[in-house]
Amino acid sequence: MREEEKKQSSQGSKIKRFMKKRWVYPSVYIASAAIILTAVLWFQNSNNSATDDQIDYEATDLSSKYDEPALEVNRSMENFAMPVMDPDSVVIQKEFYDFDASEDKQEAALVFYNNTYHPNTGIDITMENGESFDVVAALSGKVTNVAEDALLGNVIEIEHDKGIVTQYQSVTDIDVKVGDQVDQGQTLAKAGKSLYNEEAGTHLHFEIRKDGIAVNPLDYFNKPLSALQEADITENVDDSGKADESTGASEEEKANPDNDEKKDNNDSTEDEAEEDSNDSTEEDGASSDDEEAETTNSTDA
């Protein structure tokens, strides 16, 4: 018994001496932390592997739910551009008719068709050599109309925003159809000819419209769509030589109000003459009745 007690006491003293050393406790802490960290990493890896087995990366329903093409975010930042590949290679044959422009510019912006002059509602673009050229989209949008028109030389219409469209007239070899989404600079057709503006030859008639009202394209080139969205557009109407709908009087009648007085005097004179004529007719009728009565009396006698 004493020997066993001596052995136990000697072992306990050795442990105590070992634990009193400075490096023992830090070593124990470090080893415990390493074991715990190893266990955490092993647990995370086992969960990730299970998750990967459950996910099917090949199958997805997103493509079937959204069939419509995505609109580019930067589309609203585009600026209106000339509807040609190389703007330096073309010239503007006829400009937009501006009611506020000088008489010389207004005269130059008239289109002569069917023995009548018409204000130009867009710009006519040609090449100096008279050859055809590629017509491109001035701004990204959706094709809403493609029409064959002998007078205007075929028409393409692209909608860019609610109420804002661009029109491309006098075109041939059309490469787009209704419903197509087109990007800015994409080829639409080639320049052609039209009966409406034969003197322009091979050309492109280009228009920008807001709510059906044509605006001057030269005022919006190199400007964003928002500039036209915020613009207050009113339709210009040439009222020269036309009757004033509010009064029914023409400009000539407004300038000569004395004509109304003369007209009234003439009307009153005609009325008086008509009354005198009626009176004389009644007197003649009465005299003829008297003569008939006298003739009847003499016959009876």
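Both backbone and side-chain heavy atoms feed into the values below; hydrogens, waters and symmetry mates do not. On a predicted model such as this, the values are computed, not experimentally measured, just so you know. Throughout, residue positions are numbered sequentially from 1 according to the sequence presented.
- A donor-acceptor pair is defined here as one N or O able to donate and one able to accept, closer than 3.5 Å; such a pair exists between the side chain of K94 and the backbone of A108.
- Panel note: side chain H160, backbone S140; a donor-acceptor pair is recorded below 3.5 Å.
- By the 4.0 Å N-to-carboxylate-O rule, D180 lies too far from K142 to be salt-bridged with it.
- A donor-acceptor pair under 3.5 Å is absent between the side-chain atoms of D161 and the main chain of I164, judged by distance alone.
- Heavy-atom contacts from other residues, nucleotides or ligands closer than 6.0 Å to CZ of F112 number more than 12.
- With hydrogens and angles ignored, the 3.5 Å screen pairs no side-chain donor or acceptor of K210 with any backbone N or O of G163.
- Within the 3.5 Å criterion, the main-chain N or O of H203 finds a donor-acceptor partner in the side chain of S170.
- More than 12 heavy atoms of other residues, nucleotides or ligands sit less than 6.0 Å from atom CD of Q186.
- Looking at heavy atoms from C-beta onward, L204 lies out of side-chain contact with V90 at the 4.5 angstrom threshold.
- Looking at N120, its side chain never comes within 3.5 Å of a backbone N or O of A109 through a donor-acceptor pair.
- With a 6.0 Å radius and a threshold of 12 heavy atoms from other residues, nucleotides or ligands, Q167 has its CD atom above the threshold.
- Counting only N and O atoms by type, the side chains of Q169 and S194 include no donor and acceptor under 3.5 Å apart.
- If you take CG on L151 and OH on Y113, they are separated by 4.5 Å, rounding to the nearest 0.5 Å.
- Between the side chain of Q106 and the backbone N or O of Y97, no donor-acceptor pair lies under 3.5 Å.
- Taking CZ from R209 and CD1 from I233, the interatomic distance works out to 12.0 Å, rounded to the nearest 0.5 Å.
- The shortest distance between side-chain heavy atoms of D86 and F133 does not fall below 4.5 Å.
- The structure places CG of D124 at 9.0 Å from CD of E207, a figure rounded to the nearest 0.5 Å.
- Counting only heavy atoms from C-beta outward, the side chains of V111 and E199 never approach each other to under 4.5 Å.
- Once rounded to the nearest 0.5 Å, the distance linking CD1 of I123 with CG of L218 reads 5.0 Å.
- Remark: the backbone N or O of P224 is not paired with any side-chain donor or acceptor of S226 at under 3.5 angstrom.
- Between Y196 and H118, the angle of the ring planes lies from 30° to 60°, which puts this pair in the tilted group.
- Put simply, CG on D134 and CE on M85 are 5.0 Å apart, with the number rounded to the nearest 0.5 Å.
- Using a distance-only test at 3.5 Å, with no hydrogens or angles considered, a donor-acceptor pair links the side chain of Q184 to the main chain of N79.
- Not a single donor-acceptor pair under 3.5 Å links the side chain of T202 to the backbone N or O of G192.
- Neither side chain, D98 nor N216, offers a donor N or O lying under 3.5 Å from an acceptor on the other.
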